[in-house]
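Below is one structure; the comments refer to it alone.
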There are 2 protein chains.
Amino acid sequence: MLTLPNVKFKDIYHILKSNIDSGKYDNSMMLPTEMELVDKFKCSRNTVRRAINELSKDGYVKSVKGKGVIILESRESIELPIGNLLGLQELHTKKKFTTSVVHFSKITIDESLSRITALKLDTEVYHLHRIRFYDNEPIILDVNYFSADVAKDLTIEIAQNSVYEYIEKDLNTKILASKKIIVVEHATELDKRFLDLGTYDCVAVVKTYAYTDSGKLFEYTESRHRPDKFVFVESSSLRKNI
Amino acid sequence: MLTLPNVKFKDIYHILKSNIDSGKYDNSMMLPTEMELVDKFKCSRNTVRRAINELSKDGYVKSVKGKGVIILESRESIELPIGNLLGLQELHTKKKFTTSVVHFSKITIDESLSRITALKLDTEVYHLHRIRFYDNEPIILDVNYFSADVAKDLTIEIAQNSVYEYIEKDLNTKILASKKIIVVEHATELDKRFLDLGTYDCVAVVKTYAYTDSGKLFEYTESRHRPDKFVFVESSSLRKNI
DNA sequence: CGCGATTTGTACGTATGTATT
DNA sequence: TAATACATACGTACAAATCGC
């Protein structure tokens, strides 16, 4: 299941990344110059720049014109406090998660739902409530709206596993991109019933809008997180004004 | 103060963006092919690809090999619910914000602070508490730790305006990149005293680690947000595995 | 099902612009 | 001012995924 990198810029990306992690360039705080890397990896400058660009997206380095590529320090100590908790991305891959479907229905998007979900009026959707457990602790209440057009013949059994896997593997539809909005809301009765909120009366809500293959919005999901288990990380590389 | 785009790929980026917004390509859900855009803009394919790449980072489009560049629909309706609330990025540019400095001191990072801030032991820092008002409403409590090395001779007056502007303009030091972590925490006494929390007993906390010019971590800040005014947006373009 | 035609992805090369030292 | 180093831009070639015939 490992994607073996037969792509040059990815190879270079990984090598540079591990060099940075192991402190190889730490004294100088700079990467070798692009031309030095071209010599070292026997590739074009474009390819080196491509790899550096990826590192920059990850928050590892930052290029400065006329100066060089600067390594951003203290990565480990910043990652550390996150380690124990759970990121968002891993949700669908990690094994220690179990899911319990507590609601399953097929409904039609009316006006008020359309405002909330951004799905088009009269769209048929599967509407689910799912509890996500981590080590048998309820962590997240997922409220899903999947366009029935896309998630054809969805069943509770499938929802218990991965809807995404079903859509991508079985239905052969690709999920392209997603937009996430994070807010904090008062805990609803549903939240209180299913999540172990303890002394908290709020939940962290991640609203996800996902698109398929053809650019159509097909999913709106509210992932309602127990606050003490919620972490969201963004390494923003202070984008230049465009 | 407007950066006039004398850069080709930025021009193309803006043109494509406004075309998408005005629904010019909406029927097909696709951008013109790269080669068509090359003809139209009389530029190289690289330049077109560069512009498309930026659009993709913004969550406007998604390229699919062998197929084309797909436009992601429903942008406005998703942006809409955010509109009223305030994003994070705008903090330093919007005019309606005012700041009140309620604590100002110079301290040295000890072991426990070092764990929290990721700043090196024995670093001298300016420690601030600042209330951010929007329309005279307290929205955010900022708890700052600025390395005194970088933010030399910081004063309360400067802190009342923009520390970043001071560092960049007056001290001529560039702020390169930042890493943000979002969590939800119980409101502290400080939060309750300064923010108008109403019925909420939680705050949304954005922890920011910022780097300078030379790659050194120079700032740790906790921006403690009133939950009802907090929104965080991420348009993640489902990055390919690398 | 296979086979081109189309379209994006990767990679190389070269030249010139611009910020930093 | 000159050298260095990243940024932009042009061009070319081939690989790989998709789609229609």
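Quantities reported herein were computed from a predicted structural model and do not represent experimental measurements. Order of the sequence lines fixes the chain letters, A, B, ..., with proteins taken first and strands second; residue numbering starts at 1 for each chain.
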Rounding to an integer number of Å, can you tell me how far Glu34(B) CD sits from dG11(D) P? 15 Å
Would you confirm whether Thr108(A), through its side chain, and Glu124(A), through its main-chain N or O, come within 3.5 Å as a donor-acceptor pair? no
Out of curiosity, Leu55(B) CG to Tyr60(B) OH, how far, rounded to the nearest 0.5 Å? 8.0 Å
Just do the side chain to side chain donor-acceptor pair (under 3.5 Å) check on Asn144(B) and Tyr126(B) with the steps written out, would you? CA-CA 8 Å; Asn144(B) 305 104; Tyr126(B) 290 103; over 6 Å; no
When you check the phosphate oxygens OP1 and OP2 of dT10(C), does a side-chain N or O of Thr47(A) lie under 4.0 Å from one of them? no
So, is Ser63(A) close to the dA5(D) phosphate, meaning a side-chain N or O under 4.0 Å from OP1 or OP2? no
Result for 5'-nearest mapping on DNA chain C, choosing between Val64(B) and Gly66(A), is Val64(B)
Within a strict 4.5 Å, meaning less than it, do heavy atoms of the Val231(B) and Ile181(A) side chains meet? yes
Lys65(A) side chain N/O closer than 4.0 Å to the phosphate oxygens (OP1, OP2) of dT8(D)? no
Respond yes when some side-chain nitrogen or oxygen of Arg50(A) is under 4.0 Å from OP1 or OP2 of dT10(C), and no when none is. yes
Among dC10(D), dG9(C), dG13(C), which nucleotide has an atom closest to any side-chain atom of Ser44(A)? dG13(C)
So what does Arg45(B) hit on the nucleic acid, given a heavy-atom distance under 4.0 Å: a base, only sugar-phosphate, or nothing? base
Check the distance between dC6(D)'s C1' and Met30(A)'s CE and give it to me in whole angstrom. 10 Å
Between CD of Glu36(B) and P of dT7(C) the distance, given in whole Å, is 7 Å
Take the protein atom CZ of Arg49(A) and the nucleotide atom P of dC12(C), then report the distance between them rounded to whole Å. 15 Å
Here the distance between atom P of dA11(C) and atom CG of Asn46(B), to the nearest Å, is 13 Å
In whole angstrom, what separates Lys8(A)'s NZ from dA13(D)'s C1'? 14 Å
Could you state the atom-to-atom distance from CZ of Phe41(B) to P of dA9(D) in whole Å? 13 Å
Expressed in angstrom and rounded to an integer, what is the separation of Leu37(B) atom CG from dT6(C) atom P? 17 Å
Answer yes or no: is there an ion pair linking Lys17(B) with Asp58(B), defined by an N-O contact shorter than 4.0 Å? yes
In terms of side-chain heavy atoms of Cys43(B), which of dA11(C), dT8(C), dC10(D) is nearest? dC10(D)
Is any side-chain nitrogen or oxygen of Lys67(B) closer than 4.0 Å to OP1 or OP2 of dC19(D)? yes
